[in-house]
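Let me begin by presenting the structure, written as structure tokens, before commenting on it.
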Amino acid sequence: MIYTSLPDSGLSEDSLVDILKDAQIYNIKHGISGFLVSTNDKLIQLIEGKKEDVTKLFDIISNDQRHHDIVIAYEGYSENRCMPFLGMGLCFNYLVRHLDHRFYFTKNQAKDFNGLIEGNIGQLFKSYLS
Ligand SMILES: Cc1cc2nc3c(=O)[nH]c(=O)nc-3n(C[C@H](O)[C@H](O)[C@H](O)COP(=O)(O)O)c2cc1C
């Protein structure tokens with residue numbers, strides 16, 4: 001699944017890094033992989049895993065008051081995952097420097113993972129990484 005949303009003003013870089021830390025625990029426990037890109041005023045997140053696990057996590061995330069205008073951009077089934085690890089990768093597309101976090105990726109690194117997303121939805125993801 002891929003959704004887009006708009007962050008609330010309180011959703012700072014630090015809060016996203018905090019979310020990332022919690023997400024590793026939950027996502028790894030539930031066999032979920034994914035990637036979250038923040039452009040400062042927009043978010044896009046890929047969530048991969050068993051359908052019921054993805055649906056449950058999306059339900060939690062979509063009830064999170066720290067973002068709004070959540071729109072599902074893609075839902076589909078594939079034998080293969082885009083992400084090579086369980087957990088959640090994060091990229092701030094406006095940062096050139098690398099944050100000191102195991103699951104933080106620069107946008108060039110992010111393009112490699114998300115390059116596997118095909119078609120229009122791949123283009124949408126890429127637009128968040130330009
Ligand atoms: C944009 C965004 C993405 C998130 N992604 C995840 C995620 O991938 N995994 C996760 O466990 N929590 C994620 N969260 C956090 C959850 O919404 C929620 O805060 C977290 O599961 C803790 O819930 P609790 O405070 O009820 O324990 C995300 C939150 C936001 C705002």
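Counting starts at 1 for both ligands and their atoms, in listed order.
Atoms of ligand 1 lying under 4.0 Å from any heavy atom of A23, numbered from 1 in the order shown and given with element: 7 (C), 8 (O), 9 (N), 10 (C), 11 (O). Residue N27 has at least one heavy-atom neighbour below 4.0 Å for each of these atoms of ligand 1: 7 (C), 8 (O), 9 (N), 10 (C), 11 (O). Here is the list of ligand 1 atoms found below 4.0 Å of a heavy atom in R66: 19 (O). Close approach of ligand 1 to Y3 (heavy-atom distance below 4.0 Å) involves ligand atoms 1 (C), 2 (C), 3 (C). Per-residue contacts place L43 under 4.0 angstrom from the following atoms of ligand 1 (heavy atoms of the residue considered): 1 (C). Per-residue contacts place D64 under 4.0 angstrom from the following atoms of ligand 1 (heavy atoms of the residue considered): 15 (C), 16 (C), 17 (O), 18 (C), 19 (O), 29 (C), 31 (C). For ligand 1, the atoms lying closer than 4.0 Å to a non-hydrogen atom of M88 are 8 (O).
F105 and A110 get closest at one heavy-atom pair: CB-N, 4.4 Å.
Between F125 and F113, the ring center distance fails the sub-6.0 Å criterion.
Not a single heavy atom of F35 lies less than 4.0 angstrom from ligand 1.
In the hydrophobic clustering of this structure, L86 does not group with I2; members are Ile, Leu, Val, Met, Phe, Trp, Tyr whose side-chain heavy atoms approach within less than 4.5 Å, directly or through other members. A single hydrophobic cluster is seen to contain both V54 and Y26, as judged by linkage of ILVMFWY side chains at heavy-atom distances under 4.5 Å, directly or through other members.
Within the 3.5 Å criterion, the main-chain N or O of Y128 finds a donor-acceptor partner in the side chain of N93. At distances below 3.5 Å, not a single donor-acceptor pair connects side-chain atoms of Q24 with backbone N or O atoms of K21.
Heavy-atom contacts from other residues, nucleotides or ligands closer than 6.0 Å to CG of D41 number more than 12. Counting heavy-atom neighbours within 6.0 Å of E118 CD, excluding the residue itself, gives a total of 12 or less. Other residues, nucleotides and ligands contribute over 12 non-hydrogen atoms within 6.0 Å of the CG atom of N63.
Selection from I32, L57, D22, I60 by nearest heavy atom to atom 12 (N) of ligand 1 gives L57. Between atom 4 (C) of ligand 1 and the options I25, L90, I19, I44, the minimum heavy-atom separation is to I19.
Under the 4.0 angstrom criterion, atom 9 (N) of ligand 1 counts as having a protein heavy-atom contact. Within a 4.0 Å radius of atom 19 (O) of ligand 1, the protein has at least one heavy atom. Within a 4.0 Å radius of atom 25 (O) of ligand 1, the protein contributes no non-hydrogen atoms. There is a protein heavy atom closer than 4.0 angstrom to atom 29 (C) of ligand 1.
Considering backbone and side-chain atoms alike, Y26 places every N or O at 3.5 Å or more from each N or O of ligand 1. Considering backbone and side-chain atoms together, Q45 places an N or O closer than 3.5 Å to an N or O of ligand 1.
At the shortest separation from atom 6 (C) of ligand 1 among protein heavy atoms lies I61 CD1, 3.6 Å.
Exactly one of I61, D53, T55, L36 qualifies for a side chain to side chain contact (heavy atoms under 4.5 Å, CB included) with I47. That residue is I61.
Y77 and E75 share no donor-acceptor pair across their side chains, judged by distance under 3.5 Å alone.
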